[in-house]
Amino acid sequence: MGNKRVMLPASEIDLTAVKYIPENIQAPHLTGFWFKFFLNLAEVPGIGSLIVNRLKNDNKFDEKLKYTVIPEYPMFKPEFPPQEPEPAVVSIEEDAKPEDRVELALKCLPEYDPASNWSGDTTTSFRYWKIRDYAYAYRSKFTTPSMVAERFISAIEEFNNKNPTTPLLISFDPDEVRKQAAASTQRFEQGNPLSILDGIFMAIKDDIDCYSHQSKGATTWMHEVREVKKDAVSVSRLRSCGAILVGKANMHELGLGTTGNNANYGTTRNPHDPDRYTGGSSSGPAAIVALGLCSAALGTDGGGSVRIPSSLCGVVGLKSTYGRTDMTGSLCGDGTVAIIGPIATTVEDTILVYAAILGSSPADRISLRPSLPCVPNFSSQESLQSVESLRLGKYTEWFNDVFSTDISDKCGNVLSQLSEEHGCRIVEIVIPELHEMRIAHVVSIGSEALCALNPDCCDGKGERLTYDTRTNLTLFRSFTAADYVAAQRLRRRLMYFHMEIFKRVDIIVTPTTGMTAPIIPPSALKVGETNMQVTGNLMRFIITANLLGLPAVTVPQIYSKKLYPLRSIF
């Protein structure tokens, strides 16, 4: 039995009395035979309940939810107070054509001359080509989308035959890629490209519809129960801009994992070290961008699934405000924590892709009443002044709670640089109840995922899921309706804390993850693994943006010294 705990209203909490408590997840790390044995026990009625209840008790689930009186009303979707207009931004009409939005975003980018970087020598050392580099090369007839397509197809075939295998795409049709590239090449020959994104190669995560590919969510059966008849809204917007959609990228099954491990189709390897994970769940999208094979990709982010792999692979990943992108046509479109977001090699390319896909669904416009979306106007003098006035919030004890001090030291150096060279002000902050936030997030995302999967799992499809997915679902089934409502009470409470913090700061800064890319245990490749300590390290700074619907971005700062051979597909 637990002891009743009564929380003070959020407005009465004394922040000076808040003490940071490091995360200490209690759960076994299992793979191979013992993982299968554990799962078999956990799925046995009675015995399974005892195991799950022990894990929940060790990690204080019931203490924080069942035995606690939470005074706030539930918040079932993120709700934001009215916001003041931001300086140095340009608002974008959601109802404008995607190609018009992209054109407006393009005008907001800093000046850049692609010609200065073009030598015509494709044997030079690797570097990432920006979207503007490709557009310049196409217009100047240095290359064509069809020529790039052949290089891309050859590269994918090479990666499919590598040892160890590096499966980037789950669904890939070379003829379809050639067809799209030929149409783009013709538009450039006629002098009528659709937008700056015309001829730009992009991958789509396997839980987002991209016709005529099936959306499997990296399962072995989802395509059997769900037919793809058209593009997801976000994908159709990219297609209208002329983007070449290369196929469905690998992922952690159903997005229910942070490493990118996938026993069904093979685990995507980290481009910088093939013995390490990419991070997940958008493992394929991040890897294919980091390899230089695609300029951008779309992923989904319900618990860091865009930002974690982007961070571990050294690229940019954007998690937009909840409801800012239409989720229609994605497997995770019915929840309250997930978004569709872009992954790219540069901030400016991320902005261009974001401008193309943004636009709330009709239902979200009614319920969320979002303000107009905007992009930063880097071309204005006001932009420089706005950077100088930024107040960066740092919760030092949390910031430093990382697996390796190398992470906090390097990120701290970046903050010092922003302060010394650009005039940003570092403001010390305190964020209460981080443990409660982690529990509220896992109950929210877990309950919503289970609700979507229950009909098929009850129909026998659940037995065909990977062991780590089934382990997660076993935990999710233990959550009650009361747990879910308590989590939403915590969501309102935590939203209050953060809105108060944002009265003092403009941005909360943290490392993206609490550890660098984890090593892949060889025994995990066949059956997967469960490692909640790694999950905790990877998600430590992630979940605020998902539970509260806030925007977040990861930007690479350092790379590992051991680099996997990268390439340009020019």
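Values below: every heavy atom of this structure, side chains too, minus hydrogens, waters and symmetry copies.
Contact between G514 and R540 at its shortest, heavy atoms only, is CA-NH1, 4.4 Å. The two residues L331 and K216 have their closest heavy-atom pair at CD1-C, 4.2 Å. Contact detail for K36 and V527: the closest heavy-atom pair is CD-CG1, 4.3 Å. Closest non-hydrogen pair, R269 versus T278, comes out as O-CG2, 3.3 Å. Scanning both residues, G280 and I308, for their nearest heavy atoms gives O-CB, 3.7 Å. Of all heavy-atom pairs spanning L548 and P78, the tightest one is O-CB, 3.4 Å.
The pair R492-E79 meets the salt-bridge criterion, with a side-chain N (NZ, NE, NH1 or NH2) lying under 4.0 Å from an Asp/Glu carboxylate O.
Note that CG of L494 and CD of E72 are 9.0 Å apart. Values are rounded to the nearest 0.5 Å. Rounding to the nearest 0.5 angstrom, the gap separating the OG atom in S49 from the CZ atom in R54 is 15.5 Å. Residue F541 holds its CZ atom at 8.0 Å from OG1 of T513, rounded to the nearest 0.5 Å. One distance of note links CG of L465 with CE of M222; it measures 8.0 Å at 0.5 Å rounding. Separation of atoms OG1 (T474) and CG (L41) is listed at 11.5 Å; rounding is to 0.5 Å. Rounding to the nearest 0.5 Å places CG of N40 at 7.0 Å from OH of Y467.
Of the possible polar contacts, one joining the E428 side chain to the T396 backbone as a donor-acceptor pair under 3.5 Å is found. With hydrogens and angles disregarded, no donor-acceptor distance shorter than 3.5 Å links the side chain of T166 to the backbone of T268. Put simply, the side chain of R276 gets close to the backbone of A517: a donor and an acceptor are under 3.5 Å apart. Put simply, the side chain of D275 never gets that close to the backbone of I519: no donor and acceptor are under 3.5 Å apart. A donor-acceptor distance shorter than 3.5 angstrom exists from the side chain of D206 to the backbone of G217, with no hydrogens or angles considered. Within the 3.5 Å criterion, the main-chain N or O of N531 finds a donor-acceptor partner in the side chain of T535. Panel note: side chain H252, backbone G279; no donor-acceptor pair is recorded below 3.5 Å. A distance-only check finds no donor-acceptor pair linking the side chain of D468 to the backbone of G528 [under 3.5 Å]. Here the side chain of S305 pairs a donor or acceptor atom with the backbone of S281 at under 3.5 angstrom. In terms of modelled atom types and a separation under 3.5 Å, the side chain of D349 and the main chain of I131 share a donor-acceptor contact.
T336 pairs in a side-chain hydrogen bond (donor to acceptor under 3.5 Å, both in side chains) with only one of the listed residues (Q488, K77, R491), which is R491. Exactly one residue among I339, V306, L358 makes a side chain to side chain contact (heavy atoms under 4.5 Å, CB included) with S320. That residue is I339. When each of K319, R307, K205, R324 is tested with D301 by the rule salt bridge (charged side-chain N to carboxylate O under 4.0 Å, His left out), just one qualifies, namely R307. Partner of E436 under the side-chain hydrogen bond (donor to acceptor under 3.5 Å, both in side chains) criterion, chosen from R489, K60, K64: K64. Between T512 and the choices I542, V553, L538, the side chain to side chain contact (heavy atoms under 4.5 Å, CB included) rule is met once, by I542. For the side chain to side chain contact (heavy atoms under 4.5 Å, CB included) criterion with T219, the lone passing option out of L254, L453, T466 is L254.
Defined by atom type and a distance below 3.5 Å, a donor-acceptor pair is present between the side-chain atoms of N264 and E253. Side-chain contact annotation: T480 with K66, donor-acceptor N/O pair under 3.5 Å absent. A donor atom on one side chain and an acceptor atom on the other are not found under 3.5 Å apart for N57 and D62.
Side-chain contact between H498 and I508 is present, with heavy atoms from C-beta onward closer than 4.5 Å. Residues T346 and V316 have side chains not in contact (no heavy-atom distance under 4.5 Å, counting atoms from C-beta outward). Within the 4.5 Å cutoff, the side chain of E433 has heavy atoms near those of the F497 side chain. Using a 4.5 Å heavy-atom cutoff, the side chains of F399 and L415 are in contact. Taking the side chain as every heavy atom from C-beta outward, F201 and L293 never approach each other to under 4.5 Å. Contact annotation: the side chain of L318 never approaches that of V353 to less than 4.5 Å [non-hydrogen atoms, C-beta and beyond]. A 4.5 Å side-chain heavy-atom check between E348 and F378 finds every atom pair outside the cut-off. Residues W398 and T510 are in side-chain contact: their nearest non-hydrogen atoms beyond the backbone lie under 4.5 Å apart.
Relative to the ring axis of F159, K162 places its NZ or CZ within 45° and under 6.0 Å from the centre.
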Go through D506 and R391 one step at a time and tell me if the side-chain contact (heavy atoms from CB on, under 4.5 Å) criterion holds. CA-CA 5 Å; D506 302 297; R391 301 164 299 170; 3.2 Å; yes
Quick one, F61 with V443, criterion side-chain contact (heavy atoms from CB on, under 4.5 Å). Give me CA distance, side-chain angles, the key distance, then yes/no. CA-CA 9 Å; F61 272 72; V443 170; 4.3 Å; yes
Apply side-chain contact (heavy atoms from CB on, under 4.5 Å) to the pair T405 and S408, showing each step before the final yes or no. CA-CA 5 Å; T405 55; S408 53; 4.2 Å; yes
Run the side-chain contact (heavy atoms from CB on, under 4.5 Å) test on N262 and S283 for me, step by step, so that the C-alpha distance in whole Å, both residues' side-chain angles and the decisive distance to 0.1 Å come before the verdict. CA-CA 10 Å; N262 190 301; S283 51; over 6 Å; no
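For D334, the CG atom sits in a loose shell: 12 or fewer heavy atoms of surrounding residues, nucleotides or ligands are nearer than 6.0 Å. When the shell of 6.0 Å around CZ of F403 is examined, it contains 12 or fewer heavy atoms from other residues, nucleotides or ligands. Counting heavy atoms of neighbouring residues, nucleotides and ligands inside a 6.0 Å radius, atom CZ of R425 does not exceed 12 of them. Within a 6.0 Å sphere centred on CD of E463, heavy atoms belonging to other residues, nucleotides or ligands number 12 at most. Within a 6.0 Å radius of CD1 in I21, other residues, nucleotides and ligands contribute 12 heavy atoms or fewer.
Taking the six-membered ring where tryptophan is involved, the planes of F37 and W34 are perpendicular, since the angle between them exceeds 60° and thus also 30°.
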